[in-house]
Amino acid sequence: MILIDGKKAAAELREELRKEVVELKNKHNKVPGLTVILIGDLTPSQIYVRNKEKSAKEVGLKSEVIKYPDSVEEKVILDKIDELNKDDTVSGILVQLPLPKHIDKQKIIEAINPSKDVDGFHPMNVGSLSSGYESSVPCTPLGCYLLVKKIEPNLSGKKAVIIGRSNLNGKPMTQLLLKENCTVTITHSKTKNLKAECLEADILVAAVGIPELVKGDWVKKDAIVIDVGINKTDKGIVGDVAFDEVSKSARALTPVPGGVGPMTIACLLKNTVECFKRSQL
Ligand code: GUN
């Protein structure tokens, strides 16, 4: 079984980006900039944002985090986004989710200039991805996709099964795999026989948030299995895949932690560099 090392793949991607940022700096006399807006004091969000900032600095990006208290008014955030949209030292804007209840997530996402939307959440980018045009692609599915491609560069004709239909993961992952000529099945909580669907998969992506849902006998022996889950349990953090069982039956599997997670942040940096390059055309 191949243990897919997301930490190593992310370090390699960061190193490529670091070199590219040096070249871009030489060419344009400026570097890509990432601004993250963090509202409130949820611990997981703070940890994510700290990691994003650290990684952004490591590859040489200009990185800024703007923090607001939980009680901040929506208008303050919308005004700040407007200012950042107009600031040409800012290539990418990310508003860390989840947001406090009084702030309308969709309004915030749609306020970000699509050309600076490093999350790929703006409806314009969602539409571009599904139409097959160049766009920012949400970081987690992009990371999953790059990991799959490392194991199997030619995905044409492969059967992919995705568990979970979220805008964040399942739907964009579907688009990425369709572009590669996979036959894609999206499954979800109302799917009738999930095990039977999973047993068809050459590529299985679990992004549903149910601890250890995917069992050893749900997986074909030559399947590539990508575990997007991060679930807190009594045993600690586990994925959506029963790791011990599936590692005995699959061809390749991502661990949790150390699989998809590190790639998500590296892909955010990649999206920031891509936004910068498109803005310099
Ligand atoms: N919170 C957890 N994951 C993400 C992400 O990918 N983007 C944003 N903006 N917030 C998140």
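What you are looking at is a predicted structure, and each value in this text was computed from that prediction instead of being measured. Ligands are counted one by one from 1 in listed order, and the atoms in each one are counted from 1 as well. We count residues from 1, following the sequence as given.
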Would you indicate whether the side-chain heavy atoms of Glu53 and Val36 approach each other to under 4.5 Å?
-> no

Salt-bridged, Lys192 to Glu197, with N to O below 4.0 Å?
-> no

Looking only at distances, please establish whether an N/O atom of ligand 1 is found under 3.5 Å from an N/O atom of Pro98.
-> no

State whether the shortest distance between N or O atoms of Val95 and N or O atoms of ligand 1 falls below 3.5 angstrom.
-> yes

Short N/O distance, under 3.5 Å, between Gln96 and ligand 1?
-> yes

Report, in ascending order of atom number, the atoms of ligand 1 lying under 4.0 Å from any heavy atom of Leu94.
-> 9 (N)

Does the pair Glu58 and Arg18 meet the rule for a salt bridge (charged side-chain N to carboxylate O under 4.0 Å, His left out), with working shown?
-> CA-CA 8 Å; Glu58 198 183 308; Arg18 194 189 59 76; over 6 Å; no

Considering distance alone, does some N or O of Thr140 sit under 3.5 Å from an N or O of ligand 1?
-> no

Just one of Lys220, Lys159, Lys158 clears the salt bridge (charged side-chain N to carboxylate O under 4.0 Å, His left out) bar with Asp202, so which one?
-> Lys220

At their closest point, which heavy atom of Leu99 faces which heavy atom of Lys105, and how far apart are they?
-> CD1-CA, 3.7 Å

Is there a path of hydrophobic side-chain contacts, each under 4.5 Å between heavy atoms of I, L, V, M, F, W or Y residues, that connects Ile4 with Val214?
-> no

Part of Leu97 within contact of ligand 1 (heavy atoms, under 4.0 Å) | both

Which protein non-hydrogen atom lies closest to atom 9 (N) of ligand 1, naming both residue and atom, and how far is it?
-> Asp119 OD2, 2.6 Å

Using protein heavy atoms only, decide if any is under 4.0 Å from atom 3 (N) of ligand 1.
-> no

